[in-house]
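Below is one structure, written out as structure tokens; the observations come after it.
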Amino acid sequence: MSTRPSLDIAVRVAAVLGEGPTWDAAARRLIWVDILSSRVHTYDPATGRRTTLATEQHVGAAKPRAGGGLVVNLRDGIGVYGADGGFAWLLREAVPGRRGNDAAVAPDGSLWAGTMRYDEATGGGTLSRVGADGSRTEFLPEVTVSNGIGWSPDGRLMYYIDTPTRRIDVFDVADGAGAAGAAGAAGAVGTDGPVISGRRPFVEVEAGAGFPDGLCVDADGAVWVALWDGAAIRRYAPDGTLDRVVELPFPRPTACAFGGTDLRDLYLTSARVGLGAAAPPLAGSLLVIQGVGQGLAQPAFAG
């Protein structure tokens, strides 16, 4: 079950808090962020071309937009970059001491964006659905470190991580409208989107194995999760059975995503924050495990 596969260095960089790898199919490139350095990075594996975009604030996530450009989860809300590089706020909602963290685009093109307090105070963050028009519906009002979000291949399950709980939770997703407001853990989102309900534990990471951070779902419906302070990536089968552990040469992997034109390569982001002079050489770099599985195509943000 535990393996040490060949790890290739996609981008050797000392990211403070690398996060949120996302394959941009239209541009054939990987997008990822360094949250605390306020940078959005891109990497084209075919040519090796890299770009770096400096944001005005700490950036928790960056995702491609359907019309080109990026949507970003910033300290004070959700912003968008056009294909020409111009910036505009889609939703600005500054809360002192709070910032955006991980985010993901749902099958319907909405953005699910998490927040957390800088001091990681219990219940100080949220998880919200943001529509293409910038409308926001708060789904979970009291989370601590909002992290990984993903959907099953058929879109009927949504996975979610609030890191200090040590759990990956799962929700049921049903078509329908008319579910007014947010209903917290029992949940319903918006009047024009799917109904999300039935929160329950999918898996719980045992003490001493690290904390679940970012996740992705593969074509078999299995969930891959990065374990912060666990020096590993795990794969859980659709029934929650742990069936693979990938050991890593640094303690703080942060997230994973399938990429490449055939979506068979698993990209891993990592962090150096808090490690000091003892940080391993590859901590903070973007790594890739080639041919490890089959990923799912990810939708672009509709806004």
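No experiment lies behind these values; they were computed from the predicted model shown.
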Yes or no on side-chain hydrogen bond (donor to acceptor under 3.5 Å, both in side chains) for Q294 and D220, after CA distance, side-chain angles and deciding distance?
CA-CA 8 Å; Q294 181 61 61; D220 294 327; over 6 Å; no
Test: R272 and D34 ion pair at under 4.0 Å:
no
Is V195 linked to V130 within one hydrophobic cluster, defined over Ile, Leu, Val, Met, Phe, Trp and Tyr using a side-chain heavy-atom separation of less than 4.5 Å?
no
Count I, L, V, M, F, W, Y as connected when their side-chain heavy atoms are under 4.5 Å apart, and connections chain through other members. Are L286 and V13 then in the same cluster?
yes
Can you measure from CG (L227) to CG (L248) and round to the nearest 0.5 angstrom?
9.0 Å
Has D162 got a side-chain atom pairing as donor or acceptor with V145's backbone, closer than 3.5 angstrom?
yes
Quick one: CE on M158 to CD1 on I149, what's the gap to the nearest 0.5 Å?
7.0 Å
Tell me if a side-chain donor or acceptor on D44 pairs with a main-chain N or O of A46 at a distance below 3.5 Å.
yes
Nearest non-hydrogen partners of A232 and P253, listed with the distance
O-CG, 3.6 Å
Is the Lys NZ or Arg CZ of R49 less than 6.0 Å from the centre of Y43's six-membered ring, within 45° of the axis?
no
Joint hydrophobic cluster, L74 plus I78, side-chain heavy atoms closer than 4.5 Å:
no
Would you say the side chain of V33 lies within less than 4.5 Å of the side chain of T55, judging by non-hydrogen atoms?
no
E247 (side chain) donor-acceptor with V245 (main chain) under 3.5 angstrom
no
Taking R99 first and then E120, would you say they form a salt bridge - that is, a charged N and a carboxylate O separated by under 4.0 Å?
no
Can you tell me how far the CZ atom of F250 sits from the CG atom of L275, to the nearest 0.5 Å?
10.5 Å
Under 3.5 Å: donor-acceptor pair, side chain of R65, backbone of G303
yes
Show, in sequence, the C-alpha distance, side-chain angles and deciding distance for D218 and R264, and conclude whether the salt bridge (charged side-chain N to carboxylate O under 4.0 Å, His left out) test is met.
CA-CA 9 Å; D218 68 21; R264 293 190 56 80; over 6 Å; no
Give a yes or no on whether V173 and L140 share a hydrophobic cluster (residues Ile, Leu, Val, Met, Phe, Trp, Tyr; joining criterion: side-chain heavy atoms under 4.5 Å apart).
yes
Rounding to 0.5 Å, atoms CG (L7) and CG (L282) come to a distance of 8.0 Å
Could you please spell out the steps behind the side chain to side chain contact (heavy atoms under 4.5 Å, CB included) verdict for E138 and L127?
CA-CA 6 Å; E138 188 175 273; L127 176 67; over 6 Å; no
Is there a salt bridge (charged side-chain N to carboxylate O under 4.0 Å, His left out) between D169 and R199? Walk through the geometry before answering.
CA-CA 7 Å; D169 288 342; R199 184 178 187 174; 2.8 Å; yes
For the pair E204 and T165, evaluate side chain to side chain contact (heavy atoms under 4.5 Å, CB included) and give the outcome as yes or no after the intermediate values.
CA-CA 8 Å; E204 185 166 355; T165 68; over 6 Å; no
Closest non-hydrogen atom pair, S146 against G114:
OG-CA, 3.3 Å
Is V223 close to I168 at the side-chain level, that is, under 4.5 Å between some pair of heavy atoms?
yes
Return the minimal non-hydrogen interatomic distance between T144 and A121, and the atom names on each side.
CG2-O, 3.7 Å
Intermediate values then yes/no, salt bridge (charged side-chain N to carboxylate O under 4.0 Å, His left out), D229 and R252:
CA-CA 5 Å; D229 281 343; R252 292 185 165 175; 2.7 Å; yes
Using the rule given for salt bridge (charged side-chain N to carboxylate O under 4.0 Å, His left out), can you reason through R117 versus D119, listing the C-alpha separation, both sets of side-chain angles and the distance that settles it, and then say yes or no?
CA-CA 5 Å; R117 288 192 57 83; D119 62 5; 3.1 Å; yes
Is any side-chain heavy atom of I161 closer than 4.5 Å to a side-chain heavy atom of R167?
no
Under 3.5 Å, is there a donor-acceptor pair between the Y159 and S152 side chains?
no
Do I196 and Y160 sit in one hydrophobic cluster, given that two such residues count as connected whenever their side-chain heavy atoms are within less than 4.5 Å of each other, even indirectly?
yes
Okay, side chain of T254, backbone of G18: is any donor-acceptor separation there less than 3.5 Å?
yes
Can you confirm whether I31 sits close enough to L70 that some side-chain heavy atom of one is under 4.5 Å from a side-chain heavy atom of the other?
yes
Just wondering, do F258 and D265 contact through their side chains at under 4.5 Å, heavy atoms?
no
When rounded to the nearest 0.5 angstrom, what distance separates OG in S38 from CD in Q57?
8.0 Å
Are T52 and V40 packed together at the side-chain level, in the sense that at least one heavy-atom pair is separated by less than 4.5 angstrom?
no
Please identify which of these residues, N147, T115, T163, meets the side-chain contact (heavy atoms from CB on, under 4.5 Å) condition with N101.
N147
Output field: ring centroids F139/F171 closer than 6.0 Å
yes
Check whether any side-chain heavy atom of T269 lies under 4.5 Å from a side-chain heavy atom of L287, and answer yes or no.
no
Donor-acceptor contact below 3.5 Å, side chain S37 vs main chain R39
no
For the CD atom on E56, are there more than 12 heavy atoms of other groups (residues, nucleotides or ligands in this structure) within a distance under 6.0 Å?
no
Please confirm whether the backbone N or O of L30 pairs with a side-chain atom of T42, one donor and one acceptor, at under 3.5 Å?
no
Stepwise side chain to side chain contact (heavy atoms under 4.5 Å, CB included) test for W151 and L296:
CA-CA 10 Å; W151 287 264; L296 295 168; over 6 Å; no
Return the CZ to CG distance between R235 and L266, rounded to the nearest 0.5 Å.
11.0 Å
Taking CD in E142 as the centre, count heavy atoms belonging to other residues, nucleotides or ligands within less than 6.0 Å. Is the count above 12?
no
Counting N and O atoms only, with roles assigned by atom type, does the side chain of S270 sit under 3.5 Å from a partner on the main chain of S285, one being a donor and the other an acceptor?
yes
More than 12 heavy atoms from other groups under 6.0 Å of CZ on R200
yes
Using a distance-only test with no angle check, is there a side-chain donor-acceptor pair under 3.5 angstrom linking D243 and T241?
no
Looking only at heavy atoms, which two atoms of G155 and P107 are closest? And how far apart?
CA-CG, 4.5 Å
If we only count heavy atoms from C-beta on, is the D76 to E93 side-chain gap below 4.5 Å?
no
Quick check on the 6.0 Å ring-centre criterion: do Y236 and W224 meet it?
no
Where A174 and R156 come nearest, the two heavy atoms and their spacing:
CA-NH1, 3.9 Å
Can you give me the closest heavy-atom contact between L268 and C256, atom names plus distance?
CD2-CB, 3.8 Å
Take R129 and D108, measure what side chain to side chain contact (heavy atoms under 4.5 Å, CB included) needs, and give me the verdict at the end.
CA-CA 11 Å; R129 177 184 184 269; D108 67 356; 2.9 Å; yes
Expected output: side-chain T126 to main-chain S128 donor-acceptor under 3.5 Å
no
